Amino acid sequence: MAKAIPSRSENYSEWYNELIKKANLAENSAVRGCMVIKPYGFAIWEKMQRALDDMFKETGHENAYFPLFIPKSFLSKEASHVEGFAKECAVVTHYRLKNAEDGSGVIVDPDAKLEEELIVRPTSETVIWSTYKNWIQSYRDLPLLINQWANVVRWEMRTRIFLRTTEFLWQEGHTAHATEAEAEAETRQMLDVYATFAEEWMALPVLRGHKTANERFAGAVDTQCIEALMQDGKALQAGTSHFLGQNFAKAFDVQFLSKENKLDYVWGTSWGVSTRLMGALIMAHSDDAGLVLPPKLAPIQVVIVPIYRNDEQLDALSEKLKPLVAELRKAGISVKYDDSDANKPGWKFAEYELRGVPVRLAMGGRDLENGTVELARRDLKTKETVPFDGLTERIKTLLDDIQQTIYERAKAFRADNTFRVDTKEEFEEQIEKGGFLLAHWDGTSETEEAIKEATKATIRCIPFDQEPEAGTDPFSGKPSQGRVVFARAY
RNA sequence: CGGGGUGUAGCGCAGCCUGGUAGCGCGCUACGUUCGGGACGUAGAGGUCGUGGGUUCGAAUCCCGCCACCCCGACCA
């Protein structure tokens, strides 16, 4: 047991950190708060990117790229936007280094001070809207549907690998529309894209809803989000979509001539998901033996382990297994055939469990005689001996089943950890245990703040499917029209 | 930014209190035996003890500064 990780119940954060390291997803870097994403981890991110990118394209978006640096003056054009991000911006002040006179190394050349300082983008609304001003003149230029894949920097006080790093990777969509209704529809459409991606690809059930004013994106009129529940009972915001109204259009003077020859400001949206999704993926499904990956995002879907005593046996197994590898690949399944002599089968079994490979196929001398293989599934940790013939179909079905089972399991977990609470006492007791709390809220920021102060819980969202229900806020005693979702969050 | 903890071989740690030849386990290399749930033997390689100063005949060990990382809180995707 050379590579065991701590259990979730022992220490959830240590389990999370160790799992990421041991499964070769990522590691901390020489730079504070920044991570190195390792090949295995990046392969998962690439699969996420691919799936999302396809969905963006299907909904009519195009990719582009805008600069890493933002002139300081841009950021201050939208008042609430700058207020939201000012505290966490990295600033470039100089453009040259030189050797120190005393030979102690390189120093910043004081003569190379930038006239206008540059901000490393914490998000790109400002630089993009300053560009849109030039791109948009007429209603014929609209809608403008752009996405970019990029890195951003937010100087956070406390970082946590994948969940909150100083630099992270993401995509940010930025669209401009002729009408308010169209921009609102776009905001909702992209949130639904995220929800579909989370549920169908990540096997992660999510709640969809609006953020409260407190939790809203700096510069947005409305922020919509998908919220997921992690195994430790904490909530995680997995994606956001913002209706920007005409805020950025006005800040950057982006106007267009309508069909009626009237000049008006365009309506905007922006939406994003980040490498934080990796954290969500890990925390939602994995267990004490390691990662559990949904087949649709697993870099390796099937690992094949031959069990042999000598070269002759390996040759005999390979002769049987290599055509299977080819057949599985032809069926679009990613397969690793691990015939390396470096480790014993038992070691390999543990290793691939740690790395979350959904299906393991083992074949030894006995199987060869019987025309069978051993098929093991990572999600349930069960295994069965099955006929060699018809394996490709069987594995395809199995992968689908695993994808479904992981999703259902996460959904059941969420159902078991969602509670309707009606009194302050119930609320305070339950929030300590974790989970989503459905409680009445009087709609005021003051009460929301007070609840956060008292319980560390925030309103994760006002669900789209909120049922109208008369009640009273358990904290303020004031009337409420419906329940919102509270939780402690990452 | 507050509170706590840790920095010694690739990884995990002991040694520090009480200064005196830098150690253990895993991993790594070679060879042999093994191989159906994290194998074993033999022989090896590998460390300016985070960093800068100080005390001392002598510092991983004592003193001061700095840096980094982790955990817990306040801010955030």
Side-chain angles (χ1 to χ4, degrees), chain A residues 1-6 11-18 21-22 27-35 84-89 104 122-123 152-172 194 211 214-218 223 225-228 235-242 270-280 289-290 305-311 313-314 317 339-354 360-370 372-374 376 381 383 385 452-453 456 458 460 488-490:
Chain A
M1 298 291 280
K3 275 193 159 183
I5 53 172
N11 185 337
Y12 195 83
S13 2
E14 207 182 319
W15 166 82
Y16 175 78
N17 286 328
E18 283 299 305
K21 269 190 254 174
K22 298 283 166 61
E27 58 190 38
N28 287 306
S29 70
V31 186
R32 180 198 201 98
C34 295
M35 62 182 162
F85 285 103
K87 291 172 302 210
E88 49 189 36
C89 285
S104 61
T123 180
V152 286
V153 166
R154 295 181 188 174
W155 217 266
E156 301 288 352
M157 291 184 196
R158 193 174 152 206
T159 59
R160 222 148 136 35
I161 199 155
F162 283 128
L163 297 175
R164 179 167 297 105
T165 45
T166 300
E167 178 192 18
F168 57 95
L169 306 183
W170 79 346
Q171 60 65 219
E172 45 181 326
Y194 289 155
K211 283 295 186 193
N214 282 359
E215 302 275 327
R216 195 177 290 152
F217 174 74
T223 288
C225 63
I226 54 172
E227 290 284 328
L236 185 101
Q237 178 175 306
T240 49
S241 186
H242 315 290
S270 69
W271 26 276
V273 295
S274 71
T275 36
R276 171 174 248 210
L277 289 179
M278 294 286 292
V305 180
I307 297 160
Y308 56 93
R309 290 191 204 318
N310 50 48
D311 285 352
Q313 277 191 352
L314 176 58
L317 288 165
D339 62 348
S340 89
D341 200 30
N343 296 296
K344 289 177 60 180
W347 190 92
K348 292 177 185 174
F349 292 177
E351 179 67 14
Y352 291 112
E353 274 167 15
L354 183 58
R360 182 187 72 232
L361 187 158
M363 189 177 200
R366 279 205 305 275
D367 291 310
L368 204 53
E369 275 175 35
N370 301 338
T372 57
V373 299
E374 182 190 86
K381 296 243 275 197
K383 52 191 178 185
T385 299
K452 187 180 177 186
E453 186 71 28
K456 298 191 180 86
T458 49
R460 302 320 303 157
R488 287 185 181 159
Y490 275 102

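FYI, side chains are in, hydrogens and waters are out, and symmetry mates aren't considered; it's all heavy atoms of this structure. Here the structure is a predicted model, which is why all the values come from computation and not from measurement.
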**Message:** Testing the basics here: between Ala289(A) and Lys381(A), what is the closest heavy-atom pair and its distance to 0.1 Å?
**Reply:** CB-NZ, 3.4 Å
**Asked** Which atoms form the tightest heavy-atom contact between Ala280(A) and Leu236(A), and what is the distance?
**Response** CB-CD2, 3.3 Å
Does [X] reach a base, just sugar-phosphate, or nothing at all? Heavy atoms under 4.0 Å.
X	result
Gly239(A)	nothing
Leu236(A)	nothing
Phe168(A)	base
Gly33(A)	sugar-phosphate
Thr240(A)	nothing
Glu353(A)	base
Asn17(A)	sugar-phosphate

The side chain of [X] is closest to which nucleotide in this list: [options]?
X	options	answer
Arg276(A)	A77(B), G36(B), G37(B)	A77(B)
Pro345(A)	G36(B), G37(B), C69(B)	G36(B)
Glu374(A)	G36(B), G37(B), C35(B)	G36(B)
Arg160(A)	G38(B), G36(B), C71(B)	C71(B)
Lys456(A)	U34(B), C71(B), G73(B)	G73(B)
Arg360(A)	G37(B), C69(B), C75(B)	G37(B)
Gln237(A)	G36(B), A77(B), G38(B)	A77(B)
Met157(A)	A74(B), G36(B), C35(B)	A74(B)

**Item:** Residue whose nearest RNA chain B nucleotide is more 5′ - Thr275(A) or Cys34(A)
**Value:** Cys34(A)
**Message:** Both Glu215(A) and Gly365(A) contact RNA chain B. Taking the nearest nucleotide for each, which residue is further toward the 5' end?
**Reply:** Gly365(A)
**Lys/Arg N to Asp/Glu carboxylate O, Glu351(A) vs Arg360(A), below 4.0 Å** = no
Do the side-chain N or O atoms of [X] get closer than 4.0 angstrom to the phosphate oxygens (OP1, OP2) of [N]?
X	N	answer
Arg154(A)	A77(B)	no
Lys348(A)	G36(B)	no
Ser13(A)	C72(B)	yes
Lys87(A)	C75(B)	no
Arg158(A)	G73(B)	yes

**Message:** Regarding G36(B), can its base be found pairing with the side chain of Arg309(A) as donor and acceptor, where the two atoms are less than 3.5 Å apart?
**Reply:** no
**Request:** Assess whether one donor atom and one acceptor atom, taken from the side chain of Asp367(A) and the base of G36(B), lie less than 3.5 Å apart.
**Result:** yes
Using the [atom1] atom in both, what is the distance from [N] to [M], to the nearest Å?
N	M	atom1	result
G27(B)	G12(B)	P	15 Å
A60(B)	G53(B)	P	14 Å
G41(B)	G47(B)	C1'	27 Å
G2(B)	U48(B)	P	34 Å
C1(B)	G25(B)	C1'	39 Å
G5(B)	C62(B)	P	15 Å
G36(B)	C49(B)	C1'	45 Å
C16(B)	G7(B)	C1'	14 Å

**Fill in**
With sequence neighbours left out, the residues meeting side-chain hydrogen bond (donor to acceptor under 3.5 Å, both in side chains) with Glu374(A) are none
All N/O contacts under 3.5 Å from nucleotides 6-13 of chain B to the protein, with atom names and distances to one decimal?
none

**Request:** Could you list the residues that satisfy ring-ring contact (aromatic ring centres under 6.0 Å, His included) with Tyr308(A), not counting sequence neighbours?
**Result:** none
**Item:** All ring-ring contact (aromatic ring centres under 6.0 Å, His included) counterparts of Phe168(A), not counting sequence neighbours
**Value:** Trp170(A)
**Request:** Check side chain to side chain contact (heavy atoms under 4.5 Å, CB included) between Thr159(A) and all other residues, then give those that pass, not counting sequence neighbours.
**Result:** Glu156(A), Thr166(A)
**Request:** Just jot down the side chain to side chain contact (heavy atoms under 4.5 Å, CB included) partners of Asn28(A), sequence neighbours excluded, or say none.
**Result:** Ile161(A)
